[in-house]
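Both ligands and their constituent atoms are indexed starting at 1 by order of listing.
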Amino acid sequence: MTDPVTRCGYVAIVGRPNVGKSTLLNYLLGQKLSITSRKPQTTRHQVMGILTESDTQIIFVDTPGIHKEQGKALNRYMNRAASSALADVDLVLFVVDRTRWTPEDDLVMRALEGVNAPVALVVNKIDMLDDKAALLPYSEARMVDDTFDAFLPISALRNDNLETLRQYLRNHMPVGPYFFPEDQITDRSSRFLAAELIREKIVRQLGDELPYTTAVEIESFEQDGHILHIGALIYVERSGQKAILIGEKGSRLRSIGTDARKDMEQAFETKVMLKLWVKVKSGWSDDDRALHSLGFEER
Ligand code: GDP
Ligand code: MG
C-alpha cells in the first residue's frame with residue numbers, strides 16, 4: 001500500500017460586506033471562527049480558519065480590508081490586494097449576493113483582475129429566489145468572458161449546494177504536505193478565538209471610548225467535565241481606561257463577559273465559565289517581549 005496523497009492549499013474568501021462570507025466560513029468549519037463586527041479592524045490578526053478532512057487541508061484566509069464599507073479603504077485594499085492576501089492563494093471564492101449586485105461588487109471584482117489563482121463565483125442566498133431559473137442569465141453574463149473558473153450557486157444559510165462547493169475546494173488544493181498540524185483548530189486557534197471574541201465585545205461596547213490599545217491574553221483554558229473554564233486578562237495602558245472597561249460597579253465588564261461567553265458557548269459547543277481581569281500595563285504595545293507573550297509575534 002502506498003501512503004495516502006495529501007492536499008493542502010490556501011483559499012481566500014472575498015466579497016463586499018453582507019453577502020454571507022462569515023456564514024459560509026462558519027458552515028465550512030463547523031464552528032464560529034470568523035469574527036463579525038460592524039466596526040472595522042476588530043481583529044489585528046488575519047483571521048484564519050483551517051479545515052482538515054478527507055486527506056485535504058484547506059487554509060482559509062480572510063481579507064479584512066474588503067469588509068470596510070468606505071470607498072477609500074476599498075481602494076486601498078484594491079491596490080494592495082494583488083500583492084498581499086491574494087498573491088499566493090491557490091483559489092479565490094468571490095462571494096456575491098444573488099439578490100443584490102452593487103458597485104462594491106464591481107470594485108471587488110476589479111481587485112481580482114490581477115489575481116493568478118482561479119476565481120470561483122459563489123452566488124449566495126439562492127434560497128431567496130422563487131425561480132431558480134433566474135440564475136441562468138446571471139451565470140451567462142458573468143461567465144461569458146471566462147473571468148471565473150466556476151459558477152457555484154449556494155445558500156450558506158440553508159446549506160444548499162454546499163457539498164458541491166466542498167468538493168470543488170478539495171479538488172483545487174494542490175498535492176502536498178499539510179502546513180499546519182491536523183488538530184490545529186482545536187488548540188491554539190480556540191484560545192485565539194476566545195481572545196478575539198472578548199476583543200470583539202470590547203470594541204462593540206466601548207469602541208469610541210477606548211483607544212486601540214487593548215490586548216487580551218488567555219491565561220487559562222481548561223475543560224473540566226462539561227464546563228470549559230476560561231480565564232482572560234485584558235490589558236489597558238492607563239488606569240482611566242481600566243475604570244471605563246470595568247464600568248460602574250463592574251457592570252461594563254460583566255456585560256462584555258456575558259456577551260463573549262454566549263458566543264464562546266456557541267463556538268465551543270459547551271458550557272463556558274469565563275473570568276475576566278483588567279490590568280494596566282503601561283506602554284505594552286512598544287514592548288516586543290510583551291507583544292510576544294500576548295501572541296502578536298509574526299508567524
Ligand atoms: P459577510 O459580511 O459577508 O460576512 O456576511 P454574513 O455572513 O455576516 O451575512 C450577512 C447576512 O446575510 C446575515 O444576516 C446572514 O444571516 C445572511 N445570509 C448569509 N447567507 C445567507 C443565505 O444563504 N441566505 C439568506 N437568506 N441569508 C443569508
Ligand atoms: Mg463577515
Near-ring test F179/Y10, centroid separation under 6.0 angstrom: yes
Tell me if the centroids of the rings in F221 and F268 come within less than 6.0 Å of each other. yes
Hey, does the side chain of N124 reach the backbone of V19 with a donor-acceptor pair shorter than 3.5 angstrom? yes
Determine whether the side chains of [X] and [Y] contain a donor N or O and an acceptor N or O closer than 3.5 Å.
| X | Y | value |
| --- | --- | --- |
| R252 | Q205 | yes |
| R16 | T102 | yes |
| Q57 | T6 | no |

Between ligand 1 and P17, can you find any atom pair, the residue atom being a heavy atom, that is separated by under 4.0 Å? yes
Quick check: A156 and ligand 1, any N/O pair under 3.5 Å apart? yes
Based purely on interatomic distance, does L157 place a nitrogen or oxygen under 3.5 Å from a nitrogen or oxygen of ligand 1? yes
Atoms in ligand 1 flagged as close to S155, the criterion being non-hydrogen separation under 4.0 Å: 22 (C), 23 (O), 24 (N)
Proximity of N124 to ligand 1 by residue part, where a heavy atom lies under 4.0 Å: side chain
Check each heavy atom of D127 against ligand 1 and say whether those closer than 4.0 Å belong to the side chain, the backbone, both or neither. side chain
From the options M128, K125, R158, select the one whose nearest heavy atom is closest to atom 18 (N) of ligand 1. K125
